[in-house]
Amino acid sequence: MPYKAIREIGEFGLIDKIAALAEPTLQAVPELLKGIGDDCAIYQPSGKLLQVATTDLLVDQVHFDLLTTPLNHLGSKAISVNVSDICAMNAFPRFALVSIAIPPSFSTEMVEELYKGMSHAAKEYGLAIAGGDTSSSRSGLIISVTIMGEVEPEKLTKRNGAKPGELICVTGSLGGAAAGLKLLMREKAIMLDHFENNEPYNKSVMADLKEYSEAIQCQLLPTARLDIVRFLHSRNICPTSMIDISDGLSSELHHICRQSNTGALIHESRIPISASTRRVADELQDDAITWALTGGEEYQLLFTIPKEEYELIDDYKEISVIGEVTDPDSGVFLSDIYGMRIDLATIRGFDHFGR
Ligand SMILES: Nc1ncnc2c1ncn2[C@@H]1O[C@H](COP(=O)(O)OP(=O)(O)OP(=O)(O)O)[C@@H](O)[C@H]1O
Ligand SMILES: Cc1ncc(C[n+]2csc(CCOP(=O)(O)O)c2C)c(N)n1
Ligand SMILES: [Mg+2]
């Protein structure tokens with residue numbers, strides 16, 4: 001079946017298709033009085049709740065590569081990376097505005113695939129896709145998502161409340177997204193090499209990616225830790241500071257310490273890294289701890305709690321205590337498996353303009 005060129009249905013025909021795909025997300029949000037269709041979305045904020053807002057861009061060749069990324073996964077990731085920022089405030093997402101700039105190579109079906117992923121993720125998180133903007137792009141695909149969320153004022157968690165003596169906690173495991181990216185880039189290079197040599201497409205030159213599915217899923221289909229926000233609320237735990245890990249553990253720990261005016265000491269042996277990430281690191285002769293510290297795109301939560309609250313999280317396997325907050329003069333350090341202290345100021349994470 002030939003693909004339908006977007007020019008056949010035009011901008012407004014495309015928006016109608018997008019609106020139909022967004023429709024199922026509206027049910028979960030009765031406070032949204034108007035979604036797609038007018039000049040603005042209309043939202044009735046609920047009573048005493050504080051509103052939080054975040055926005056993140058995803059840019060072709062910077063955040064994704066369409067040769068290795070299914071469009072529905074990309075749509076889901078665009079929603080998840082923004083929900084992750086809402087989670088980092090200990091808040092709940094309510095609605096999203098989605099803007100896309102579409103390159104000439106895209107068909108109607110490709111845009112629909114992208115929105116199927118967004119709509120599926122939005123439903124999982126209970127947020128509505130309430131509007132956006134559509135443009136053509138003269139270069140690659142660009143996706144900009146803005147999400148509004150809500151939280152009770154006393155539960156709001158910022159980056160600046162950590163105190164010396166408190167525990168530093170991290171959710172899930174780290175390093176998987178970097179492992180997935182390395183694997184996908186390796187497979188892409190093999191595939192391009194193969195084509196450059198004019199060899200016909202042959203599935204057997206590619207690795208069987210099933211055995212790497214955990215790492216690849218971390219990279220292509222991350223989930224925001226809304227489950228952790230629900231857990232924290234259910235146990236009445238209010239972290240003193242929190243941030244999501246988008247640029248690597250080291251960078252995010254520095255953000256917390258700088259804004260809280262503290263130092264930190266974390267322990268290499270306590271950083272949660274999955275067996276499959278370690279296996280990929282061994283295979284690629286790389287270092288899983290470096291991935292955890294600098295890889296980014298984990299969308300796990302890094303937070304601090306008073307020592308007395310340890311027993312509230314002790315039995316929850318999704319949360320690991322990796323160290324403690326120290327005085328500002330002590331700096332931000334990692335104690336390695338031999339007990340050597342490494343200054344994390346020398347190990348920073350992802351920087352869009354970094355050298
Ligand atoms: N172009 C911009 N104009 C205004 N504010 C900005 C701009 N870029 C970033 N910010 C603000 O700077 C702060 C830090 O942004 P940053 O993107 O590093 O954080 P983040 O969104 O948590 O991280 P990530 O983008 O990796 O998820 C945020 O408060 C953000 O709103
Ligand atoms: C093709 C391709 N190249 C590089 C990367 C890695 N990458 C991109 S953005 C980012 C950090 C978070 O960004 P932001 O701070 O904008 O949220 C990382 C680790 C990728 N996923 N795909
Ligand atoms: Mg950002």
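For ligands, and for the atoms within them, numbers begin at 1 and follow the listed sequence. One is the number of the first residue; the rest follow in order along the sequence.
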ask   = Got a donor-acceptor contact below 3.5 angstrom from the H194 side chain to the I190 backbone?
value = no
* Asked: Hey, does R159 come in under 3.5 Å of ligand 1, counting only N/O atoms on both sides?
  -> yes
Any chance the side chains of T171 and Q300 put a donor and an acceptor closer than 3.5 Å? yes
In terms of its nearest heavy atom to atom 21 (N) of ligand 2, the top option of Q61, M185, E297, K188 is E297
Counting heavy atoms under 4.0 Å, the part of D247 that contacts ligand 1 is side chain
Under 4.0 Å between heavy atoms, the region of L181 that gets near ligand 2 turns out to be side chain
The answer for which part of V81 has a heavy atom under 4.0 Å from ligand 2 is neither
Report task. Classify the ring geometry between F231 and Y316 as parallel (under 30°), tilted (30 to 60°) or perpendicular (over 60°). Result -> parallel
*Are the aromatic rings of H73 and F64 close, with centres under 6.0 Å apart?*
no
Does the side chain of K155 pick up a donor-acceptor pair with the side chain of N236 at under 3.5 Å? yes
Strictly under 4.0 Å, does any heavy atom of A178 approach an atom of ligand 2? no
At under 4.0 Å between heavy atoms, what of D56 touches ligand 1? The answer is side chain
Contact region, D85 to ligand 1, non-hydrogen atoms below 4.0 Å, reads side chain
Closest heavy-atom approach to atom 17 (O) of ligand 2 among F350, Y299, F64 is made by Y299
